[in-house]
Amino acid sequence: MFAYDAIHAERPDAVVTTNNACITVYEYDRMLVDLLLARSHRVERRDLDAWISDRRRRHYALQATPGVGEDLLRRAGARLAPMGRRADEAGSPPGARRARGQPYERPLDVLGIDWYDRRRPATSACPATAPRRPHACPARQLWDDPPDPGALTRWLGVQHELAPGLPLWVVENGLCNRVRDGRSFGRLDGGTAPLPGREPGGCGRRGRRRHTVEGYWHWSLVDNYEWGSYEPRFGLYGVDRHRGPHGGRWLDTDAMGRDAAGAYRQLIAGIRSGDRTVLVAD
């Protein structure tokens, strides 16, 4: 709330939001946003714990059955959370009290989300590529995440229902390949589309029939350090870390040699001109 005040005091026309990671643990993914939305849902102070508890149950009802580790994380999160339990068992933290007492209908101008693969926490099997992996199982690696653009469309519908009236932004979304010691590896699913939004069922193609997505940001412009190594490559432009005048150089293509940036440019130009055929994957 203080940040919202400060930003709008400096720039009254600013758009203020916070993006969540869209994983399955409610306290990590959704709880803060729900607290910021509570006032707009006409939730009274005495009803806040029950409302948060209900939102937690609804959040989990939308997820796949968790694995053992993820189930333990969910239980621990609910037990340690200062909200969403009976008021006589846990008091509300100062931040929650301020959220209820703030003067704004909701201190968010946009609902921003990150979208990758929501099934990751429940994954425990080692895929067929395990022998060429640098890390031990049980977790599936980023480059093995199967694209599911239809799931993104459905999740955007859920976000629209949870926060009606707020514009939707997809603040992060992308697919990666693996590069190790200068060698690029193809994806398990054989995917070649440089942009997930172009695949059938993506947010651009179907999502607009039911709700409007006002902004989409691809992750990322250039390959970078991702979760402990340089092996996952998400960039529209690849980076050759072994050759170049300063120990590295940008490529004209992505890490797999495809013109991902050109495809993104074509996608943006087509949407701006009203040509929705650009949203259909080749």
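Residue numbers start at 1 and run along the sequence shown.
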(message) Show the nearest heavy-atom pair for residues Pro164 and His41, with the distance to one decimal.
(response) CD-CE1, 4.4 Å

(request) Identify the heavy atoms of Ser229 and Pro232 that sit nearest to each other, and give their distance. (result)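 That would be OG-CD, 3.3 Å.
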
(request) Kindly confirm or rule out a cation-pi arrangement of Arg74 over Tyr26, judged by NZ or CZ under 6.0 Å from the six-membered ring centre and within 45° of its axis? (result)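 Pair Arg74/Tyr26 does not count as cation-pi.
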
[X] side, atom [atom1]; [Y] side, atom [atom2] - distance, nearest 0.5 Å:
| X | Y | atom1 | atom2 | value |
| --- | --- | --- | --- | --- |
| Met83 | Asp49 | CE | CG | 4.5 Å |
| Cys176 | Glu231 | SG | CD | 10.5 Å |
| Leu166 | Arg106 | CG | CZ | 3.5 Å |
| Phe234 | His218 | CZ | NE2 | 8.5 Å |
| Trp51 | Arg56 | CH2 | CZ | 12.0 Å |
| Arg42 | Asp47 | CZ | CG | 14.0 Å |

(message) Between the side chains of Asp71 and Arg75, is the shortest nitrogen-to-carboxylate-oxygen separation below 4.0 Å, so that they form an ion pair?
(response)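 A salt bridge is present here (some side-chain N lies under 4.0 Å from a carboxylate O).
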
(request) Please determine if Glu161 and Arg58 form a salt bridge, counting it only when a charged side-chain N lies under 4.0 Å from a carboxylate O. (result) yes

Below 4.5 Å, heavy atoms only, C-beta onward: do [X] and [Y] meet side chain to side chain?
| X | Y | answer |
| --- | --- | --- |
| Arg187 | Leu175 | yes |
| Tyr4 | Leu36 | no |
| Asn173 | Tyr216 | yes |
| Asn177 | Arg258 | yes |
| Leu162 | Leu37 | no |
| Arg178 | Arg233 | no |
| Asp254 | Leu236 | no |
| Val239 | Val222 | yes |

Following the transitive rule for hydrophobic clusters with a side-chain heavy-atom cut-off under 4.5 Å over Ile, Leu, Val, Met, Phe, Trp and Tyr, establish whether [X] and [Y] coincide in one cluster.
| X | Y | answer |
| --- | --- | --- |
| Tyr230 | Phe185 | no |
| Leu152 | Tyr264 | yes |
| Trp169 | Leu156 | no |
| Val158 | Val213 | yes |
| Leu111 | Trp217 | no |

Answer yes or no: is there a donor N or O on one side and an acceptor on the other, between the side chain of [X] and the main chain of [Y], under 3.5 Å?
| X | Y | value |
| --- | --- | --- |
| Gln63 | His59 | yes |
| Ser273 | Ala269 | yes |
| Asp223 | Gly235 | yes |
| Ser184 | Val179 | no |

(request) Any chance you could lay out the side chain to side chain donor-acceptor pair (under 3.5 Å) test for Gln141 and Trp227, step after step, and finish with the verdict? (result) CA-CA 10 Å; Gln141 296 291 342; Trp227 295 98; over 6 Å; no

(message) Once you measure the plane-to-plane angle for Trp155 and Trp115, does it fall in the parallel (<30°), tilted (30-60°) or perpendicular (>60°) bin?
(response) tilted

(message) If the test is side-chain contact (heavy atoms from CB on, under 4.5 Å), which one of Leu168, Val171, Thr17, Thr18 qualifies with Val110?
(response) Thr17

Using only heavy-atom distances, determine whether the side chains of [X] and [Y] contain a donor-acceptor pair under 3.5 Å.
| X | Y | answer |
| --- | --- | --- |
| Asp275 | Thr277 | yes |
| Asp252 | Tyr237 | no |
| Asp13 | His8 | no |

(request) Evaluate side chain to side chain contact (heavy atoms under 4.5 Å, CB included) for Ile52 paired with Leu35, printing each intermediate quantity in order. (result) CA-CA 8 Å; Ile52 289 292; Leu35 285 171; 4.0 Å; yes

